[in-house]
Trainee: 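Got a structure here, written out as C-alpha cells. Questions coming.
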Amino acid sequence: MASLQASNLLFPSKASSNRIININAAISVPKLPKINFPVPALIRKPASNKTNLAEELKIRHRDNGFTEYSIPIVERREYKVEDYSNPLVEAQFYAILEAIADRVEMHKNVGEQRDNWNNLLLNSINMIILTAATMSSMAGLAGGSLLALNLPSTLLFFAATGMLIIMNKIQPSQLAEEQRNATKLFMQLQRELQTLLALRRRPSEDDVKEATERVLALDKAYPLPLLGKMIEKFPKTFEPAVWWPEKENDHQLFQRNNKPHHHTMKQNRNGWSEELEMEMREIVKVLKSKDTEDYARLGSLGLKINKTLAISGPLLTGIAAVGSAFVGTNSSWAPAVAAAAGALAATVNTLEHGGQVGMVVEMYRNCAGFFTLLEESIESTLNESDVEKRENGELFEMKVALQLGRSVSELRDLAKRSSLSELDEFASKLF
C-alpha cells in the first residue's frame with residue numbers, strides 16, 4: 001500500500017493529472033546582529049619619534065554590549081649595525097677555534113712522545129753505563145790483558161757521556177711537562193671561546209684580535225721545535241712562565257692608583273663596592289708576599305739542584321771512561337775508579353731523570369706564572385676606573401675564590417686577616 005502511494009506521487013495517474021496542487025514552502029531565518037570590526041587607521045609618526053612605533057589594536061563590539069578589549073603590540077626593536085653579525089668576523093673566529101683544536105692535538109702527541117724519550121733514554125743510558133762498568137771490572141780482574149773487555153767498556157763510557165750531555169741539555173721530562181701545560185692552557189682557551197659563543201654574544205673584531213694574541217702568546221711560551229726556539233732549561237735566574245699577552249704599564253698604574261676611587265665609586269654598582277676593592281687589593285698583597293715568593297724560592301732551589309745533577313752525570317761518566325782506558329797499565333786504581341764512577345753516574349742519572357727534576361722545575365714555573373697572571377688580572381680590573389666596564393664584582397670575586405680553592409666567605413676572611421697582619425697561611429689551597 002505504501003509502495004502504491006509512493007508510485008502515485010512519483011507517477012500521477014490520469015485521473016489525478018488534471019488537478020494542480022500548489023505547495024508554498026518558506027524557511028524562517030532569525031536576523032543576526034550586526035558586528036562592526038573597526039579597522040585602526042595607520043598613523044604615520046614623525047621620524048624623530050622613536051618611542052611610539054605601534055598603536056594599540058582595539059576590538060570593539062558595541063552593539064551587543066561586550067567589554068572593550070585592548071591588545072598592545074610589542075614595540076619592535078631597532079637594530080644597529082653592530083647587532084648584526086659580520087660573516088667575515090665569524091669565519092675568522094671559527095678559524096681560530098679550529099687552529100686551537102689542532103694545537104691541542106699536536107701538543108698532546110708531542111708531550112707523549114717526549115715522555116717516551118725520557119723513559120727510553122733513561123733506561124738505555126743506565127744499561128750502557130752499568131754494562132761498561134761491569135766490563136771494566138772484569139778487565140781489571142783479568143789483569144788488563146783482555147783488550148776485548150777494556151776497549152768496549154771505554155767506548156761505552158764515552159758514548160754514555162755524549163748521550164748524557166744531550167739528554168741533560170734538552171731535559172725530556174721538562175719538555176713533556178711543557179707540552180702538558182700547553183695542552184691544558186689551549187683547552188682552557190678553547191672552552192672560554194666556546195662559552196662566549198654559547199652565552200654572551202656573537203664574536204666581534206675585538207674578540208678575534210684578543211683570541212689571536214692569546215694563541216700567539218701560548219705558541220711563544222710553549223714552542224714545539226727543539227732547535228732554536230726551545231725554552232732555556234738552565235737560565236741564570238728563575239722566572240715564572242708567561243703565556244698571556246703582556247699589557248703595558250699595568251703594574252705602574254696599579255701602584256699609582258693603589259687607593260680606592262672614593263670620588264667615582266658607588267655602593268654596589270655593577271657588584272663593586274669600596275670594601276670589595278680593598279679585599280681584592282689585600283688578596284694581591286698576599287699572593288705576592290706568600291704564594292708567588294714561595295714558588296719562586298722553590299723554583300730557584302730546584303733549578304740549582306737540576307744544574308748540579310746535569311753537570312755531575314756526564315762528569316762521572318767521563319771519569320769512568322778515563323779510568324777504563326787506564327785498565328791494564330799497571331794501575332790498580334783504574335778498574336776501581338771506572339766501576340765506582342760508573343755506578344755513581346747511573347745513580348745520578350736515575351735521580352735526575354727518573355725523579356724528573358726538570359719536570360718539577362717546570363711545574364714551579366707554571367705555578368708561579370699562574371699566581372702572576374691572577375695578580376695581573378686583579379690589578380688590571382681595579383685599574384679600570386669606570387666600574388660599568390669591569391666584570392661584575394660578585395662574579396669576579398667568586399672566580400678569584402674558586403681559582404684559589406676557597407669559598408667566597410673564606411676569601412673575605414683571608415683578606416680581613418691580611419689587613420690586620422694576622423695572616424700565617426698561603427692564599428691558595430690548591431697547590
Side-chain angles (χ1 to χ4, degrees), residues 111 114-133 136 153-154 156-181 222-223 226-227 229-242 291-325 333-334 336-369 431:
R114 291 175 181 176
D115 187 50
N116 289 335
W117 284 3
N118 185 66
N119 296 328
L120 294 174
L121 286 173
L122 171 64
N123 295 330
S124 300
I125 293 175
N126 280 348
M127 289 299 298
I128 291 175
I129 293 173
L130 295 177
T131 301
S136 179
S153 63
T154 304
L156 287 176
F157 274 128
F158 277 118
T161 302
M163 294 176 67
L164 267 180
I165 291 174
I166 296 174
M167 187 177 183
N168 292 344
K169 177 65 177 179
I170 65 175
Q171 292 290 314
S173 65
Q174 188 170 349
L175 290 175
E177 182 65 15
E178 290 173 7
Q179 303 311 312
R180 283 191 287 265
N181 290 333
Y222 300 102
L226 289 179
L227 300 178
K229 295 185 178 181
M230 183 180 68
I231 298 175
E232 178 60 41
K233 298 301 183 289
F234 301 103
K236 294 182 179 179
T237 57
F238 177 83
E239 296 292 339
V242 178
D291 300 74
T292 305
E293 182 179 348
D294 185 66
Y295 274 100
R297 178 183 61 83
L298 293 174
S300 299
L301 179 61
L303 185 60
K304 292 178 181 178
I305 295 174
N306 199 27
K307 284 182 179 180
T308 303
L309 295 175
I311 295 173
S312 301
L315 181 61
L316 289 171
T317 54
I319 294 173
V322 173
S324 178
W333 54 266
V337 169
L344 287 175
T347 303
V348 170
N349 187 40
T350 302
L351 181 61
E352 180 183 7
H353 298 290
Q356 299 190 359
V357 181
M359 182 272 293
V360 174
V361 174
E362 181 62 28
M363 182 186 68
Y364 287 151
R365 285 185 69 248
N366 184 261
C367 292
F431 44 83

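Numbers for residues simply follow the sequence, beginning at 1. Fair warning: this is a prediction, and the values are worked out from it, not measured in the lab.
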Trainee: What are the two closest heavy atoms between G111 and Q179, and how far apart are they?
Mentor: CA-CB, 3.5 Å
Trainee: If we only count heavy atoms from C-beta on, is the V357 to Q174 side-chain gap below 4.5 Å?
Mentor: no
Trainee: Do E178 and R365 pass the salt bridge (Lys or Arg N to Asp or Glu O under 4.0 Å) test, and can you show the C-alpha distance, the side-chain angles, and the key distance before you say yes or no?
Mentor: CA-CA 10 Å; E178 290 173 7; R365 285 185 69 248; 5.3 Å; no
Trainee: Quick one: which residue pairs count as a side-chain hydrogen bond (donor to acceptor under 3.5 Å, both in side chains) with a foot in residues 298-307, not counting sequence neighbours?
Mentor: Q171-N306
Trainee: Can you measure from CE (M363) to CD (E177) and round to the nearest 0.5 angstrom?
Mentor: 7.5 Å
Trainee: Just how far is it from atom CH2 of W117 to atom CD1 of I170, taken to the nearest 0.5 Å?
Mentor: 5.5 Å
Trainee: Can you tell me if S136 and S153 form a side-chain donor-acceptor pair at under 3.5 Å?
Mentor: no
Trainee: Using 0.5 Å steps for rounding, measure from the CG atom of L315 to the OG1 atom of T308.
Mentor: 12.0 Å
Trainee: Would you say the side-chain atoms of S324 pair up with the backbone N or O of A320, donor to acceptor, closer than 3.5 Å?
Mentor: no
Trainee: Using 0.5 Å steps for rounding, measure from the CG atom of N168 to the CZ atom of F234.
Mentor: 6.0 Å
Trainee: Indicate yes or no: at least one non-hydrogen side-chain atom of I125 is less than 4.5 angstrom from one of H353.
Mentor: no
Trainee: Restricting to non-hydrogen atoms, name the atom on F157 and the atom on G342 that form the minimum distance, rounded to 0.1 Å.
Mentor: CE2-CA, 3.9 Å
Trainee: Given the rule in the side-chain contact (heavy atoms from CB on, under 4.5 Å) test, do K233 and L175 qualify, once you have shown the distances and angles that lead to the verdict?
Mentor: CA-CA 9 Å; K233 298 301 183 289; L175 290 175; 3.6 Å; yes
Trainee: Could you check if a side-chain atom of L122 sits within less than 4.5 angstrom of a side-chain atom of M167, using non-hydrogen atoms only?
Mentor: yes
Trainee: Just wondering, do T292 and C367 contact through their side chains at under 4.5 Å, heavy atoms?
Mentor: no
Trainee: Do you know the tightest heavy-atom contact between A341 and I319?
Mentor: CB-CG2, 4.1 Å
Trainee: To the closest 0.5 Å, what do you measure between CG (L226) and CD1 (I231)?
Mentor: 11.0 Å
Trainee: Between A176 and D115, what is the shortest heavy-atom contact and its length?
Mentor: CB-N, 3.8 Å
Trainee: Ignoring hydrogens, what is the shortest heavy-atom contact between L121 and P172? Give both atom names and the distance.
Mentor: CD1-CG, 4.4 Å
Trainee: Just verifying a value: how many Å separate Y222 OH and R180 CZ, rounded to the nearest 0.5 Å?
Mentor: 12.0 Å
Trainee: Mind listing the closest non-hydrogen atom pair of T161 and P314 along with its distance?
Mentor: CG2-O, 3.7 Å
Trainee: For L316, which residues count as a side-chain contact (heavy atoms from CB on, under 4.5 Å) partner, sequence neighbours excluded?
Mentor: L344, A345, V348
